[in-house]
> 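Handing you this structure, nothing more for now.
Only heavy atoms go into these numbers, but all of them, side chains included; no hydrogens, no water, no symmetry mates.
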Amino acid sequence: MTRIALFALILLWVFGFTATNTSAQNNQSTINNVQDDDIFYHTIERGQTVYSIAKMYNVKVEDIYRLNIGSEEAIRAGDKLKIPQKKTVKTSEAGPEAGDAYLFHTIQPRETLYGVSKQYGVSGESILEANPGLSHERFSIGKTIRIPTGKKQKPATEIVENNQGAKEIYYTVPVRETMYNICKTFKTTEKELLKLNPELAGGLRRGMTLRIPLRISEKDLPKEAEPDAREVNAMLNAKREIKRVNAPKVALLLPYNAGAGRPNAAGNSMTEYYEGLLLAVDSLRNMGFSTELFVFDIGDGTAALQRILKEEGQKLKDVNLIIGGVSNEQIKIIADFALNSKTKYVIPFTSRNDEVLNNAYIFQVNTPQNLLYANAAYTGANLFAKYNILFLDTKDKDNQTEFVNEFKRDLKERNIPYKDAVYDASNPPEHIEALLAADKPNVIMPVSNSLGALMKIKTVLRSIAETKPEFKINLFGYPVWQTYTKDCLEDFHALDTYIYSLFYADNMNPGVKMFYDKYKNWYSKNLMSTIPKYGMLGFDTGMFFFGALHKYGTGFENNISEHKYKSLQTGFNFERVNNWGGFINTNIYIIHYNRDFTVTRSDFK
């Protein structure tokens, strides 16, 4: 195993997509179609696309289009889609459940976990195992769960022959069973049971399958006990045990070697990310928490990664958390390994990856684009519901058509009016003034996020704001606008500008200043002039996840909504994508450049 301090890495940073859940329970009246053998129903959540839904259920996009007329043009949160029911939906071939088949079931009114388990002939435990995110709150009308078709309810006893030809009983332990009763019923001893079943050293548990010598008549074997409905349903409220670790082990799998022909800036950005992660380890150590970090260079492709997993696989199975992977090919390999070893896995950079949809162990830091747009549009509609909203087309490149359409769709659904206009530099300012309202504030959003578009309109808008006080003007813009502050910072403040973004660091914040100073003191250099700051990304990621391991142990995902961390640059609000998949970061910032030359950063989830 190689331990390294500093390496170079190219980082692919992609803006991503934010989401919140649309509660199916609040739409009970719309869930009135019971699934049959060929289809089930999916309630669309904000930010989902037909593509992401198809990947979630391992079906073809074309099949969803075929069953849902009009879905090819658009889908809307809260509506239902018919999904073709596949009888052999499989997990990753590298996963612990490789080969297991699943059906999908949409929860209907008055259904219970016990009722669903009886309907499909599988145990409540098996359903919960197939749906790690399932809880009392998430077992609600319209939500979908996986049903493991390969795990039918086990009989209480099964007679088999061992290698010596002697008959043995495979006995499934029911609720409230005791060792004394088992020994008495099957005429055996605790010592003999422990020899045949070493796992009993950890205690007798419901659902265990024990090997027991056959010493009684087959007619005297215990009959299968009918599961108790209250006990099965109570599983949804069961508290998860917190298993703390003294010094969590974390593996970092990244392509540190910049490689021939790679630009220095790319390699330096990843050096900075790793340096920030080390500062997080040091900060937690000063708080009394130790973290053991193992670092591997996985190279550009997949050959080095596959070799490392083969040679160091057993050691990596013992870690509590894996961070890494840049390309989709690398992420796929690591994701399969994490699923197989049941290891938490953080995807730190890209948003363009689908592994999170079917892998319960994944945490995706960078929000996928469609979800980001959906959350930003929803937040913008909330902020500006009582404004005069104007979309301004400057005829520039880089039109943000997807986001603008999402924003307009959200406004229409809430009956919030807006205007469209084309900016023409040859027209006097009165052309813009005619579109403004004096009886309420105005918010203007260019449909292009380019610097050229902003430069065209800012002078005219400032002129109106300064000479016509009856018009209150705001700008609403894009994450990339943070890179325009050299040319537009004064204008941002003058126009009371709002920007949505996944990241923002306030250089006047004491915590940010302290980080700058510590970074320079450790590494004798300043952070690079990039947005985002990769050193801060590494630091925030380390502080959040290492802190979660220290506080909640190996099952920290069960308390992830309670884990709070005040970030320097990147906020975290992880939500499961479905009952069987992983977590996506849904946090979004609204950055406000106030007229008094202060900047405020507000979290929206």
Side-chain angles (χ1 to χ4, degrees), residues 52 54-58 86 88-104 125-134 144-151 240 243 248-254 294 296 298 302 305-366 368 545 548-549 553-558 560 574-585:
S52 68
K55 294 292 289 185
M56 186 186 303
Y57 296 117
N58 194 27
K86 293 186 69 174
T88 55
V89 179
K90 295 185 179 181
T91 58
S92 164
E93 291 302 326
E97 301 168 352
D100 286 348
Y102 296 96
L103 293 175
F104 292 95
E125 292 98 328
S126 294
I127 294 175
L128 289 173
E129 184 182 348
N131 299 274
L134 198 56
T144 304
I145 58 176
R146 293 197 307 189
I147 307 296
T149 61
K151 294 187 177 181
R240 311 284 179 94
K243 298 180 180 179
K249 297 178 180 180
V250 180
L252 193 60
L253 299 171
L254 291 173
F294 304 98
F296 297 87
I298 63 174
T302 62
L305 174 59
Q306 290 172 328
R307 176 182 52 77
I308 290 168
L309 292 179
K310 181 178 180 180
E311 295 176 358
E312 307 284 355
Q314 189 54 53
K315 293 179 182 179
L316 287 170
K317 286 180 181 179
D318 292 335
V319 304
N320 306 115
L321 184 72
I322 295 173
I323 302 174
V326 173
S327 69
N328 282 340
E329 293 78 13
Q330 292 173 340
I331 291 169
K332 168 66 175 171
I333 293 171
I334 301 174
D336 286 346
F337 179 87
L339 181 62
N340 184 57
S341 60
K342 297 185 178 181
T343 305
K344 309 300 184 304
Y345 170 37
V346 176
I347 300 175
F349 308 127
T350 185
S351 65
R352 296 180 177 178
N353 188 274
D354 306 314
E355 296 299 317
V356 69
L357 296 174
N358 289 287
N359 188 327
Y361 296 93
I362 288 178
F363 294 80
Q364 186 167 315
V365 171
N366 197 9
F545 284 103
L549 276 167
T554 55
F556 67 83
E557 72 277 8
N558 299 317
I560 198 73
F574 284 97
E575 297 181 1
R576 278 200 191 270
V577 293
N578 52 50
N579 281 317
W580 60 91
F583 293 82
I584 283 179
N585 184 15

> On a heavy-atom basis, which atom in R576 and which in G133 lie closest, and how many Å separate them?
NE-CA, 3.2 Å

> Calculate, to the nearest 0.5 Å, the distance between atoms OH and CG belonging to Y57 and N578 respectively.
7.0 Å

> Check I145, L357, T144, L134 against W580 for a side chain to side chain contact (heavy atoms under 4.5 Å, CB included) and give me the one that passes.
T144

> Using the rule given for side-chain contact (heavy atoms from CB on, under 4.5 Å), can you reason through F545 versus F556, listing the C-alpha separation, both sets of side-chain angles and the distance that settles it, and then say yes or no?
CA-CA 9 Å; F545 284 103; F556 67 83; 4.1 Å; yes

> When rounded to the nearest 0.5 angstrom, what distance separates CD in Q306 from CD in Q330?
10.0 Å

> K332 side chain to E355 main-chain N or O, any donor-acceptor pair under 3.5 Å?
no

> Go through F294 and D318 one step at a time and tell me if the side-chain contact (heavy atoms from CB on, under 4.5 Å) criterion holds.
CA-CA 11 Å; F294 304 98; D318 292 335; over 6 Å; no

> Just verifying a value: how many Å separate I334 CD1 and T343 OG1, rounded to the nearest 0.5 Å?
11.5 Å

> Give the minimum heavy-atom separation between K55 and N358, together with the two atoms involved.
O-ND2, 3.0 Å

> CG/N131 to CD1/I147 distance, rounded to the nearest 0.5 angstrom?
7.0 Å

> Please name all residues satisfying side-chain hydrogen bond (donor to acceptor under 3.5 Å, both in side chains) with N353, sequence neighbours left out, ordered by chain then number.
N328

> Could you tell me if the side chain of V356 sits less than 4.5 Å from the side chain of I347, heavy atoms only?
no

> Taking all non-hydrogen atoms of both residues, which atom of G325 and which atom of P348 are closest, and how far apart?
O-CD, 4.2 Å

> Would you confirm whether the ring centroid of Y345 sits within less than 6.0 angstrom of the ring centroid of Y361?
no

> How many angstroms lie between NZ in K317 and CZ in F337, if you round to the nearest 0.5 Å?
6.0 Å

> What's the shortest heavy-atom distance between F104 and M56, and which atoms?
CZ-O, 4.4 Å

> Checking T149 side chain against A101 main chain: does a donor-acceptor pair fall under 3.5 Å?
yes

> Got F363 and I560 here, is their nearest side-chain heavy-atom distance under 4.5 Å?
yes

> Closer than 3.5 angstrom, by distance alone: can the side chain of N585 be matched with the main-chain N or O of N366 as a donor-acceptor pair?
no

> For G582, does its backbone N or O pair with a side-chain atom of N359 as donor and acceptor, under 3.5 Å?
no

> Of all the heavy-atom pairs spanning L253 and I298, show the shortest one and how long it is.
O-CD1, 3.6 Å

> Determine the minimum heavy-atom distance between Q364 and F574, stating which atoms define it.
O-CE2, 3.4 Å

> What's the spacing between T302 OG1 and I308 CD1 if we round to 0.5 Å?
11.5 Å

